[in-house]
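Written out below as C-alpha cells is the structure these notes cover.
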Amino acid sequence: DAARSISSTFGDTIIQANSAPLNVEFNAGVDGVSGSINYDGLIRTNGGNVTMRALGNGFSDCGICMSGAFIDTRVGGLDSNPGGNVSLTVPAPGTQVDGFTRAAIDLDRTSIFTSSGDVAISGFSQSGTGVRIASTIFSAEGSGSIQTTSGDITITGVGAFPRQPPPAP
C-alpha cells in the first residue's frame, strides 16, 4: 500500500512465487489522495491473484501504467494448470488532470496469462481514455497478449474529455 504512487519502471523488477501461490496486491492512493501505479516488471504468482488499484493518476499521465510488463498467474506457467485472477482498477471518479490524461489504465506491450483465472480491467478517467491497450492482442501473437484458457476477460473503460468553453460571440 502506498499513500501516493508505486513505481518500478526499468523492467528489472521480478515478483515470483516458486512453490506456494502468492497473492500480489498494489494499492496506490490509500489515504484518499491521487496515486498511480507504474510497473514494467515481471510477476509470476504460481496460482495466486494479482490486484492493482489506483485512486487516480498522481503525478503520472495514467492511473495504472504498464509498458512491457509480464503477469502470469498460472501454476508452473502452464495453461493446463489452474491460475489466479488479475484485476486492474482505477475506480470512479478516476484520473483527473488539468489537461489530457493518456488513460486511466494504459497497457502497452503488456502480457497477462491466467489459464482458469479471470482478467478484469476497469478504468475511469475524467480527462482522457478509460482503458488504452496498445501493441497488446488477445492471442498468442504480437508483442503483448491477454490470454486465459477458461476464465473470463472483462474490460470496462469510461472516459471523458475536458469541456471546452463556448466560442466567444
Side-chain angles (χ1 to χ4, degrees), residues 1-75 77 82-97 101-115 117-126 128-136 144-148 151-159:
D1 290 346
R4 288 297 247 184
S5 298
I6 299 169
S7 183
S8 171
T9 56
F10 295 107
D12 56 358
T13 301
I14 298 173
I15 300 172
Q16 181 169 312
N18 292 323
S19 56
L22 172 69
N23 291 324
V24 177
E25 291 188 30
F26 291 8
N27 292 302
V30 295
D31 290 339
V33 296
S34 183
S36 63
I37 298 169
N38 291 280
Y39 190 82
D40 297 343
L42 168 83
I43 299 174
R44 288 195 173 139
T45 66
N46 203 39
N49 300 318
V50 174
T51 303
M52 294 186 183
R53 185 173 191 269
L55 289 182
N57 57 310
F59 297 107
S60 182
D61 57 356
C62 46
I64 298 176
C65 314
M66 293 188 195
S67 180
F70 184 90
I71 298 172
D72 189 349
T73 66
R74 302 170 297 177
V75 173
N85 300 318
V86 174
S87 174
L88 309 177
T89 307
V90 176
T95 58
Q96 177 180 334
V97 293
T101 301
R102 183 171 55 206
I105 298 176
D106 186 15
L107 306 179
D108 182 28
R109 297 174 288 111
T110 294
S111 294
I112 300 172
F113 300 94
T114 64
S115 66
D118 296 334
V119 177
I121 302 170
S122 177
F124 290 81
S125 176
Q126 294 182 38
T129 302
V131 175
R132 177 181 176 268
I133 300 174
S135 300
T136 301
S145 183
I146 299 175
Q147 295 184 37
T148 178
D152 295 327
I153 298 174
T154 305
I155 301 171
T156 304
V158 177

Contact check, side chains of Ile6 and Tyr39, non-hydrogen atoms, under 4.5 Å: no
Steps toward side-chain contact (heavy atoms from CB on, under 4.5 Å) verdict (Leu107, Leu88): CA-CA 10 Å; Leu107 306 179; Leu88 309 177; 4.0 Å; yes
Straight-line distance of Ser67 OG to Asp40 CG, nearest 0.5 Å: 5.0 Å
Side-chain heavy atoms of Val131 within contact of Val90, under 4.5 Å: no
Plane angle bin for Phe113 and Phe70 - parallel if under 30°, tilted between 30 and 60°, otherwise perpendicular: tilted
CD1 on Ile71 to OG1 on Thr110, rounded to 0.5 Å: 7.5 Å
Minimal non-hydrogen separation, Ser111 against Gly144, with atom names: OG-CA, 3.5 Å
Results of side chain to side chain donor-acceptor pair (under 3.5 Å) for Thr51 - residues two or more places apart only: none
Partner residues of Ser115 under the side-chain contact (heavy atoms from CB on, under 4.5 Å) criterion, sequence neighbours left out: Arg74, Asp79, Thr149
Qualifying residue for side-chain contact (heavy atoms from CB on, under 4.5 Å) with Met52, from Ile121, Ile43, Ile105: Ile43
Gap separating the CZ atom of Arg109 from the OG atom of Ser145, nearest 0.5 angstrom: 14.5 Å
Thr73 and Arg44, any side-chain heavy atoms less than 4.5 Å apart: no
Heavy-atom pair with the smallest gap, counting every atom of Pro91 and Ala54: CD-O, 3.3 Å
Between SG on residue Cys62 and CG on residue Asp108, distance to nearest 0.5 Å: 10.0 Å
Heavy-atom side-chain contact between Gln16 and Leu42 under 4.5 Å: yes
Thr148: partners by side chain to side chain donor-acceptor pair (under 3.5 Å), with sequence neighbours left out: Thr114
Evaluation steps, side chain to side chain donor-acceptor pair (under 3.5 Å), between Ser8 and Thr13: CA-CA 7 Å; Ser8 171; Thr13 301; 2.3 Å; yes
Which atom of Gly151 lies closest to which atom of Asp118, heavy atoms considered: CA-OD1, 3.3 Å
Gly117 backbone acceptor or donor facing Asn85 side chain under 3.5 Å: no
With sequence neighbours excluded, residues passing salt bridge (Lys or Arg N to Asp or Glu O under 4.0 Å) with Arg53: none
By side-chain contact (heavy atoms from CB on, under 4.5 Å) - contacts of Ala17 (at least two apart): Leu22, Asn46
Euclidean distance, Arg132 CZ relative to Ser125 OG, rounded to 0.5 Å: 13.0 Å
